[in-house]
Amino acid sequence: MSQSIPVSWSSVEANIPQTPVQVDSLSNYDLILLCQAGLRPERNAFAELLRRYQSHVDKVLYHLAPDWQDRADLAQEVWIRVYRNIKRLNDPVKFRGWLSRIATNLFYDELRKRKRNSSPLSLDAPRAVEDGDMDWEIAGDHPSPDEELTTREFYEQLQEAIADLPEVFRTTIVLREIEGMAYEDIAEITGVSLGTVKSRIARARSRLQSQLQQYLEG
């Protein structure tokens, strides 16, 4: 799993008045309200918010871009965006989903800039299970050389299949299969209806299964 990505506080603060605030005992909800109260987020409250949620940002970015060497820079930019836009969050209870959406949107913004031809996702092999979900594990502690070759070929085909998915499908697959998020949370993050989320995930799974059928039946 990824290690925590250090975020420099100096790069997200902007000449904030040094007002002493006891933040350790505050709830996440109260921290967010405190950050929204002034002209700029209160320094200590924002620093505590960053401390509590930094690992979540790291996890989202790790699953989206495990092979990117500049994830620390992306994490930094996530918190800069949070600092600049936290007043726009209407419901502090939804902060975690809002934060995930910022991280996800930033990733895809960067992906479009780089015009990458291959998907940055690193997924285990999906296999269909009874409820329609995907099992992303490959069995076998000691695969044979033939099995290793088949696995490598599968990964290559999986990468291509995911890269071919429409962007919105890729996002929902990552949030569902990698982040393990509930459909309702994905709907909140992506800003679409619950029915749309379920439809996108179902269509993405169907497309992946169709393209990888020879491996899934093996």
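- Within the 4.5 Å cutoff, the side chain of L49 has heavy atoms near those of the F95 side chain.
- Summarising the geometry, atom CD belonging to E48 is positioned 8.5 Å from atom CG belonging to N28; distances are rounded to the nearest 0.5 Å.
- Using modelled atom types, one finds a donor on one side chain and an acceptor on the other under 3.5 Å when comparing T196 with S193.
- For the pair E77/E110, no side-chain contact is recorded, criterion being any heavy-atom separation below 4.5 Å from C-beta on.
- Note that SG of C35 is 14.0 Å distant from CZ of R40, once rounded to the nearest 0.5 Å.
- By the 4.0 Å N-to-carboxylate-O rule, D185 lies too far from R176 to be salt-bridged with it.
- Listed here is the closest heavy atom pair of R81 and I102: CB-CG2, 4.0 Å.
- Not a single ring pair (Phe, Tyr, Trp, His ring centres under 6.0 Å) links F169 to another residue, sequence neighbours left out.
- With a 4.5 Å cut-off on side-chain heavy atoms, Y62 and K59 do not count as touching.
- L50 CG to L31 CG: the interatomic distance, rounded to the nearest 0.5 Å, is 11.5 Å.
- Between I201 and K198, every side-chain heavy-atom pair lies at or beyond the 4.5 Å cut-off.
- In this structure, V168 and T190 have side chains that are not in contact, with every pair of non-hydrogen atoms separated by 4.5 Å or more.
- Residues A103 and V60 come closest through the heavy atom pair CB-CG1, 3.9 Å.
- In this pair, F46 and Y83 present their aromatic rings perpendicular. The plane angle is above 60°, beyond the 30 to 60° band.
- When side chains are defined from C-beta on, L89 counts as touching Q36, because their heavy atoms get closer than 4.5 Å.
- Taking the six-membered ring for Trp and thresholds of 30 and 60 degrees, H56 and Y53 have ring planes more than 60 degrees apart, a perpendicular arrangement.
- Taking all atoms of both residues into account, the shortest heavy-atom contact from P166 to R207 is CD-NH1, 3.6 Å.
- With rounding to the nearest 0.5 angstrom, the CG atom of D109 is 10.5 Å from the CG atom of L74.
- With contacts defined as side-chain heavy-atom distances shorter than 4.5 Å, the pair L33/P92 qualifies.
- Annotation for R52: atom CZ counts as buried by contact number, over 12 foreign heavy atoms lying within 6.0 Å.
- Of the possible donor and acceptor atoms, none in the side chain of S210 sits under 3.5 Å from a partner among the backbone N and O of S206.
- When the side chains of ILVMFWY residues are joined at heavy-atom separations under 4.5 Å, either directly or via intervening members, L194 and V192 end up in a single hydrophobic cluster.
- Between D58 and A75, the shortest heavy-atom distance links the atoms OD1-CB, 4.3 Å.
- A pairwise comparison of heavy atoms in I86 and W98 identifies CA-CH2, 3.5 Å as the closest pair.
- Between I173 and R205, the closest side-chain pair of non-hydrogen atoms falls below 4.5 Å.
- Minimum heavy-atom separation, A45 to L34: CB-CD2, 3.5 Å.
- Atom CG in L99 sits 11.0 Å away from atom CD in Q54 (nearest 0.5 Å).
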